[in-house]
Amino acid sequence: MNRISGCMSRRDFLKLTAAGAAMFAAPVPVFSAGTGANRPNVLFMAIDDLNDWIGCLGGHPDVKTPNFDRLAARGVLFTNAHCSAPACNPSRASLMTGILPSTSGVYHNPDPWRKSPVLKDAVTIPQHFMAHGYSAVGGGKIYHGGFPDPPSWQDYFPSQQKNKPDDPEPASLPVNGIPNTGPFDWGPVDVPDEEMGDRQVAAWAAKELSKKHDKPFFLACGFFRPHLPWYVPPKYFDMYPPDNITLPTVNDNDLDDVPPIGRKMARPEGDHAKVIEYNQWRKAVQGYLACISFVDTCVGRVIDALDSSAYANNTIVVLWSDHGWHLGEKLHWRKFSLWEEATHNVLMVVAPGVTQPGQRCSRPVSMLDIYPTLIELCNLASKSELQGKSLLPLLKNPQAQWDRPAVTTHGRENHSVRSEQYRYIRYSDGTEELYDHQNDQLEWTNLANDPKYAGVKKQHAQWLPTTNAPEVLPGANKEESTPQKSAARRKK
Ligand SMILES: [Ca+2]
Ligand SMILES: [Ca+2]
């Protein structure tokens with residue numbers, strides 16, 4: 001599939017059948033229970049702000065990502081995977097605890113997730129592994145910046161309090177010439193790769209993999225690029241000459257059939273207007289692609305280290321990104337929306353003895369599903385509070401039936417339900433969008449008001465969360481959220 005050029009693949013209908021549900025009735029442990037020594041290790045890699053612009057997902061025709069592609073080729077690439085929330089903190093809090101934003105009340109980046117009454121004592125993925133005899137260490141960005149979680153780890157790089165190494169910056173800022181642009185900036189920084197924070201995280205992870213481990217390990221390794229600002233060494237910019245870059249296919253009237261809450265999320269008068277005014281679209285796409293190719297080399301370092309380690313054959317690799325990114329589609333930039341560009345993200349799983357090489361799965365899955373998947377793959381105790389479903393049936397057979405769509409929430413009571421064919425959005429005021437991906441992969445034509453689709457809407461609406469917890473606000477977690485506050489805070 002190629003969302004940029006508009007070449008669209010046709011997809012099967014999602015079949016919401018009882019047969020699909022029955023597949024979850026009897027989970028089969030893959031590895032035998034017993035001492036920790038029998039259990040597989042887990043290499044858990046996170047990429048920040050990476051949309052589907054990697055070679056194997058076909059999201060951009062120009063991108064070069066040999067390392068993402070070779071990892072995907074070893075196992076199952078999920079081509080229709082979506083985040084629980086299109087922002088770093090709520091997406092990661094949800095992924096790491098297995099709880100939906102609408103249940104926890106963690107909707108936006110400033111929301112302190114451990115202050116949620118639901119997540120206060122939540123057992124995170126690495127905590128659950130530690131409770132089963134694993135070591136759990138991490139490096140780089142796994143949780144969002146302001147909210148590291150020392151109880152999740154035995155050790156952390158660079159430290160439990162400072163989860164991310166610093167990055168070098170160009171001498172003169174901003175590079176793109178947009179006034180008051182802050183981190184919404186792009187351009188080369190003339191340093192060796194080794195000075196980049198992500199390369200330090202990759203080197204740390206490689207060293208961990210070279211050590212002798214007495215226990216099975218859960219090793220988390222989080223890369224920050226392609227998060228803004230898009231500063232990486234010049235050679236990565238040189239890979240994408242701006243004059244030859246393919247720009248996203250954008251419909252200037254795309255927001256005309258979008259309800260007001262959605263238009264407010266897009267904010268075309270903000271980033272997009274500035275990018276056009278300062279003639280930066282090509283350079284911005286260049287910067288994002290450059291950062292993707294840079295982080296691809298970091299992923300490659302870690303894969304090489306795993307391959308040359310003693311753990312090459314008994315380590316599960318899970319690579320994920322926390323949400324997608326708009327680069328002008330719907331006249332929007334960044335994440336913070338409920339459309340395909342913001343919710344679609346990267347998920348690939350290599351599980352020795354379970355997955356086959358070269359498999360692709362187009363079932364709609366959620367980052368919420370990672371936690372129960374790892375529980376089954378490593379035969380840990382199940383946890384009834386988790387709201388995702390184990391992907392094990394799809395890891396074994398990517399064409400297996402799947403009984404549920406992926407739900408994404410952005411702010412209280414704004415939800416998207418993504419099935420194999422459709423995306424249904426319902427905002428807090430009851431307004432709706434519906435897109436048919438079989439005919440409209442770019443989500444240009446909102447079908448929500450067409451009576452022909454009443455049944456499709458109803459089918460998808462049954463998956464809308466019934467709980468919409470109050471937002472967990474900094475310093476006053478019992479306070480009720482208001483749309484004004486949420487809108488103001490989202491801009492931070
Ligand atoms: Ca992010
Ligand atoms: Ca439209």
Side-chain angles (χ1 to χ4, degrees), residues 3 6 45-53 81-96 101 106-111 113 140-147 163-164 183-184 197-198 222-230 248-263 265-266 268 272 288 291-292 295 319-347 367 408 410 416 422-425 431-437 439-450 490 492:
R3 296 175 49 76
M45 272 194 279
I47 318 291
D48 204 358
D49 284 23
L50 177 62
N51 65 13
D52 59 12
W53 288 14
H82 300 271
C83 57
S84 298
C88 304
N89 176 51
S91 172
R92 289 159 185 262
S94 171
L95 190 155
M96 297 299 284
V106 178
Y107 297 110
H108 297 297
N109 280 343
D111 300 351
W113 64 272
K141 184 170 173 179
I142 297 295
Y143 296 105
H144 183 56
F147 307 114
N163 283 183
K164 188 180 97 52
F184 190 64
D198 286 336
F223 296 125
F224 186 63
R225 294 286 184 270
H227 195 288
L228 288 168
W230 295 331
T249 307
V250 173
N251 170 359
D252 287 339
N253 304 315
D254 203 358
L255 293 171
D256 290 359
D257 58 358
V258 167
I261 292 180
R263 285 205 294 272
M265 287 179 184
H272 192 63
Y288 191 65
C291 288
I292 292 171
V295 81
L319 183 146
W320 53 273
S321 66
D322 58 351
H323 47 71
W325 232 84
H326 286 248
L327 288 97
E329 302 94 339
K330 288 230 165 14
L331 316 181
H332 178 55
W333 289 73
R334 315 189 196 221
K335 42 263 188 170
F336 311 134
S337 85
L338 289 169
W339 301 301
E340 185 77 359
E341 288 79 9
T343 76
H344 190 206
N345 55 357
V346 177
L347 176 62
M367 298 297 106
T408 304
H410 183 45
S416 153
Y422 294 99
R423 174 183 302 281
Y424 173 65
I425 295 172
T431 53
E432 301 165 305
E433 291 168 55
L434 180 73
Y435 299 102
D436 178 357
H437 272 254
N439 301 307
D440 180 22
Q441 202 171 19
L442 300 176
E443 299 185 341
W444 281 1
T445 306
N446 179 9
L447 304 169
N449 294 325
D450 185 336
R490 243 195 333 274
K492 286 182 185 174

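Fair warning: this is a prediction, and the values are worked out from it, not measured in the lab. Indexing begins at 1, ligand by ligand and atom by atom, following the structure's order.
Formation of a donor-acceptor pair under 3.5 Å by the Asn109 side chain with backbone atoms of Cys88 is found in this model. Looking at His326, its side chain does come within 3.5 Å of a backbone N or O of Glu329 through a donor-acceptor pair. Of the possible polar contacts, one joining the Asp198 side chain to the Arg225 backbone as a donor-acceptor pair under 3.5 Å is found.
Using a 4.5 Å cut-off on side-chain heavy atoms (C-beta onward), Asp111 and Asn89 make contact. A 4.5 Å side-chain heavy-atom check between Leu447 and Tyr435 finds every atom pair outside the cut-off.
By the 30° and 60° cut-offs, the orientation of the rings of Phe184 relative to Trp333 is perpendicular.
For the ring-ring contact (aromatic ring centres under 6.0 Å, His included) test with His227, the passing option among Phe223, Phe224, Trp230 is Phe224; the others fail. Partner of His323 under the side-chain hydrogen bond (donor to acceptor under 3.5 Å, both in side chains) criterion, chosen from Asn345, Asn51, Asp49: Asp49.
Using modelled atom types and a 3.5 Å distance limit, the side chains of Thr408 and Thr343 yield no donor-acceptor pair.
Protein atoms that are N, O or S and lie under 3.0 Å from the Ca ion (ligand 1) are these: Asp48 OD1, Asp49 OD1, Cys88 SG, Asp322 OD1, Asp322 OD2, His323 NE2. Counting only protein atoms, the N, O or S atoms lying less than 3.0 Å from the Ca ion (ligand 2) are Asp254 O, Asp254 OD1, Asp257 OD1, Trp444 O, ordered by chain and residue number.
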